[in-house]
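Data first, discussion second: the structure below is written as structure tokens.
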Amino acid sequence: MGSTITDAQALVTALRSAYASTLIKLKIIDLYVVFSLATVLVQVIYMSLVGSFPFNAFLSGILSCIGSAVLAVCLRMQVNKENKEFKDLPPERAFADFVLCNLVLHLVIMNFLG
Amino acid sequence: MANTAPSASPPVVAYLRWLLLGWLLAAVSQMVTASTVLQPLSDGDKEAIAGYFVADADGFYGSLQETYHAVKALEILERSDVESQKICEAVVKSSPISVEDAFYVVKITEVLQCPQGAEVAKVVVPILQADVVNANSLLELHYSVGALATIKGWSSNSVVHKDALSDVFTLLKELARPDGTWHYSKSDSESSVKAAGLFPPFSFPTTAIVLHLFWQSQNVCMIACIGSVKTAAIKLFGNLESHGQGVFYFSESKDETSQGGGALAATWAVLRGSAALAAVLPVNLKVEKEKVFGIANFLLRTGLALSPTEAFYQLDSLSVLEDYRPAVPIIVQPSSILSLNSNNNLEVAVTTVLGKPVPQVEVALVSAHHIGADSPPVWSSQNFNYIEDSGKYGFDFLSAISGLGKYKLRLEVKPKEHSSYTSGGLVTSSVTVVSAITVSNVQLAVLDSDSGIPDFSAVLDFEKQEKTSLSANHLQKLRLSFELTSPSGSSFKPQQVFLKLVHETHVEHLYLVKSSGKGFELTLDFLGLVEKLQYLSGTYSVVLIVGDETMENSFVWTLASLDLDLPEAPEGTALPPTVPVEVNARFAPKPEIAHIFRQPEKRPPILLSNVFLGLTLLPLIGFFVGLRYLGANIKLFPTTGLLGVAAFSFHGAIASILLLYFLFWLKLDLFTTLKVLGFLALLTLLPGHSILSYLADLSTKQKTS
């Protein structure tokens with residue numbers, strides 16, 4: 001029992017120090033993802049309190065947040081210089097894709113919101 | 001025609017007449033398709049029409065015109081309850097001022113054959129003579145000349161001068177129109193503002209009278225004048241309108257000064273006028289016989305007249321048709337039902353339109369077919385025999401008939417040589433041959449459901465209309481079987497064969513009895529019918545209903561009274577209330593349906609929603625705080641030059657798209673949004689491309705450098 005706690009503590013410290021070395025750009029994107037997911041959480045708590053009527057509004061709300069989060073993760077993957085997969089992809093291009101996809105997502109969201 | 005007693009109806013308003021005419025013609029066309037046999041005015045109808053004319057205290061029937069109508073109509077109906085003496089005295093004492101009153105005074109005197117003719121003439125002649133000279137409309141002329149011609153000979157000073165007559169004739173020729181109709185007055189012939197006052201009828205009696213007077217004074221104009229009048233008359237009959245199926249009539253004139261009355265009045269006027277003309281002309285007025293018969297069709301099929309005036313028009317027209325010189329329509333009525341049992345002859349009655357007898361004619365049966373069977377005609381080209389002193393013609397039709405049913409007859413009536421009688425061509429009618437059907441071998445039995453062994457059975461006698469009583473429970477069946485035989489020996493299949501079960505609370509159930517083999521059979525299994533019978537136990541009467549149009553003795557026969565024992569209704573079944581079946585209950589208002597609208601969904605309290613709205617915005621604030629904490633900045637944001645413009649417009653365009661989305665959520669529809677979005681996308685694309693390519697170049701330069 002005690003060893004696991006100390007192991008967990010060690011793990012967290014290691015993660016923290018590793019994370020500190022990431023670029024600011026990536027940290028911004030991470031923050032954006034956290035923000036989206038926090039919004040989802042708030043919406044789910046609300047839904048559990050008052051029931052799921054109107055269901056389409058609920059769905060569009062959480063889809064918007066989760067969709068944004070997913071797109072942000074994709075952007076982070078493409079912008080990260082250490083990622084060998086997207087070596088040839090200029091980050092500006094990734095950002096443009098991110099903007100476009102977000103706009104399309106939000107159009108769909110607005111339509112579904114009703 | 002309808003045989004209803006009339007109520008003392010007030011005069012019909014003019015516009016109602018149009019409605020009535022439309023309805024009448026619709027009804028007529030339906031009636032005509034239903035039966036092609038025309039019927040003369042029956043005694044019942046004559047009684048009904050006579051009831052319209054109710055005399056008031058001084059013997060009159062209203063105004064002078066109405067009195068004349070009443071008196072003439074009652075004369076045609078051969079009624080003797082007219083107080084002629086009273087009316088004559090009153091008429092003589094009345095001092096007519098207008099030429100119309102004078103005309104009716106003279107006419108009443110003529111119809112009632114008042115002895116005070118000379119006095120009447122003395123009073124009336126000055127008015128009439130003055131009007132003849134000063135008349136400038138057809139109606140006035142009609143009154144004055146008509147009255148003068150009637151009272152010729154009543155007194156010595158009723159002679160009209162030759163010059164006045166020739167003036168009258170010139171006026172008539174002026175008012176004539178090429179298509180046989182006439183202008184109403186001289187002022188009309190200049191301008192056609194009054195839509196062509198069609199007043200054909202009044203010119204004819206006038207012309208006839210004028211011709212008659214000319215005849216007396218041996219005027220030379222006669223030969224030429226006659227020709228033009230004859231052509232005008234024949235052209236007038238070209239205006240005859242038809243409503244199809246052989247009904248012809250004249251339609252109402254469009255002049256507002258016309259006396260109203262619609263098609264009946266117009267038809268009456270033409271008939272009266274042409275009859276007067278035909279009486280005076282030396283040569284025959286040629287009118288097609290079918291058209292005359294069509295007019296008779298119209299007069300007899302319009303149904304009962306609705307007012308005294310209409311009654312007068314109808315009666316007077318029919319009396320004109322009784323001896324109309326161009327053609328006299330005769331009505332042919334064959335009998336419509338023949339019974340094989342009584343074996344009577346097919347009889348045909350031939351009368352005038354008012355039901356009076358007609359001199360002997362030749363009646364022949366052209367053909368008789370069985371309707372529904374594609375067989376050759378049963379009879380063809382047979383002559384009827386005249387039955388003495390009855391005006392009827394008989395023929396032994398049934399000698400070649402063996403089967404029941406409807407037969408279509410085509411009769412031809414040939415009047416004697418050179419006579420003007422017309423039956424309107426071939427007369428088609430149908431005759432139904434009926435007979436009494438024998439009912440035999442009627443067996444009613446109650447069977448055990450499983451084994452089929454009858455627990456009770458009875459054979460009932462039809463002649464005595466026997467009734468039996470039996471009892472059954474839900475485990476048994478009821479069986480009925482019987483045979484129907486037609487006189488030819490074959491089994492008969494009627495149109496209606498039903499078995500009815502009537503509960504003591506008047507709840508009825510009908511069942512169809514199907515034919516099987518030589519007869520009819522029905523088995524009612526009570527086990528399956530328990531629910532349909534609504535679990536009602538008790539006494540039922542079992543009634544057999546058999547009927548057909550060729551069956552003389554269709555019957556409703558109570559076969560038995562059945563004591564039926566059904567199980568109790570199970571718990572929870574909502575039985576419909578067994579109300580007594582009242583015929584009119586079907587038409588009573590139904591129970592009202594209270595509509596329950598969908599309840600709106602429960603929404604959370606507004607406070608809670610607002611709290612959570614705040615909570616949702618909290619992460620956003622957290623995001624910005626986090627950004628600040630991370631040290632993110634926009635120091636590299638280009639603010640000057642083209643780049644600045646591009647950057648600002650890029651972000652501005654994205655912001656505007658988001659604003660568009662917000663508006664889309666609030667009030668826009670998708671199509672507008674997409675249109676604007678397309679435009680804004682373009683706006684985003686161009687600066688976006690430029691700024692991002694600049695940044696890309698910047699980073700590659702940084703890499704290489």
Side-chain angles (χ1 to χ4, degrees), chain A residues 20 22-55 57 60-62 64-65 68 72 79 81 89-100 102-114, chain B residues 600-605 608-633 650-651 653-654 656-658 660-666 668-670 673-674 677 680-681 684-685 688-700 703:
Chain A
T22 49
L23 294 170
I24 292 180
K25 245 196 263 185
L26 300 176
K27 282 190 192 162
I28 293 171
I29 297 174
D30 288 334
L31 187 62
Y32 182 70
V33 172
V34 168
F35 145 65
S36 294
L37 294 176
T39 317
V40 171
L41 205 66
V42 172
Q43 287 184 43
V44 169
I45 293 171
Y46 181 66
M47 190 275 288
S48 64
L49 281 179
V50 300
S52 68
F53 181 82
F55 198 53
S60 75
I62 57 173
S64 153
C65 297
S68 307
V79 163
K81 288 199 185 58
L89 185 71
E92 284 75 25
R93 168 73 197 278
F95 178 68
D97 285 341
F98 171 73
V99 168
L100 180 67
N102 256 314
L103 289 177
V104 170
L105 173 73
H106 282 93
L107 177 68
V108 173
I109 294 299
M110 287 308 193
N111 200 10
F112 198 52
L113 197 58
Chain B
E601 299 279 341
K602 226 173 61 142
R603 302 312 293 266
L608 186 68
S609 301
N610 288 341
V611 164
F612 267 89
L613 182 68
L615 280 180
T616 315
L617 292 175
L618 222 57
L620 186 67
I621 299 168
F623 176 66
F624 284 120
V625 166
L627 278 180
R628 179 56 65 90
Y629 176 71
L630 280 175
N633 52 52
F650 176 58
H651 289 285
I654 293 182
S656 68
I657 290 180
L658 292 176
L660 174 70
Y661 287 167
F662 182 62
L663 287 177
F664 172 43
W665 177 53
L666 281 185
L668 292 179
D669 60 13
L670 189 61
T673 313
L674 285 177
L677 185 65
L680 287 176
T684 321
L685 195 68
H689 179 76
S690 76
I691 193 83
L692 287 172
S693 50
Y694 163 73
L695 284 173
D697 291 336
L698 206 63
S699 59
T700 45
K703 263 200 216 157

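Given the structure is predicted, the values throughout are model-derived calculations rather than measurements. Chain letters run A, B, ... following the sequence lines, proteins first, then strands; residues in each count from 1.
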B:H651: partners by ring pair (Phe, Tyr, Trp, His ring centres under 6.0 Å), with sequence neighbours left out: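 Partners of B:H651 by the ring pair (Phe, Tyr, Trp, His ring centres under 6.0 Å) criterion, ordered by chain and then number, come out as B:F637.
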Contact class of [X] relative to chain A, heavy atoms under 4.5 angstrom:
X: B:F664; value: side chain
X: B:L674; value: side chain
X: B:L695; value: both
X: B:S699; value: side chain
X: B:L692; value: both

All pairs passing side chain to side chain donor-acceptor pair (under 3.5 Å) where residues 89-100 of chain A contributes a residue, at least two apart: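 Non-adjacent pairs meeting side chain to side chain donor-acceptor pair (under 3.5 Å): zero.
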Spatial distance of atom CG (B:L677) from atom CG (A:L103) [nearest 0.5 Å]: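 Those atoms lie 7.5 Å apart.
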Nearest-0.5 Å distance that lies between atom CG in B:L658 and atom CG in A:L107: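 Reported to 0.5 Å precision, the distance equals 11.0 Å.
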A:M110 to B:F662 - nearest heavy-atom pair and separation: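 Taking every non-hydrogen atom into account, CE-N, 4.3 Å.
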Residues from residues 620-630 of chain B approaching chain A under 4.5 Å (heavy atoms):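 The list, in residue order, reads B:L620, B:F623, B:G626, B:L627, B:L630.
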All N/O donor-acceptor pairs, side-chain side in residues 33-50 of chain A, below 3.5 Å, sequence neighbours left out:
residue : atom : partner : partner atom : Å
A:S36   : OG   : A:Y32   : O            : 3.2
A:T39   : OG1  : A:F35   : O            : 2.8
A:Q43   : OE1  : A:I62   : N            : 3.3
A:Y46   : OH   : B:S609  : OG           : 2.9
A:S48   : OG   : A:V44   : O            : 3.4
A:S48   : OG   : A:I45   : O            : 2.6

Backbone of A:N111 reached by a side-chain donor or acceptor of B:Y661 within 3.5 Å: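 No; judged by distance alone, with no hydrogens or angles, the pair does not exist.
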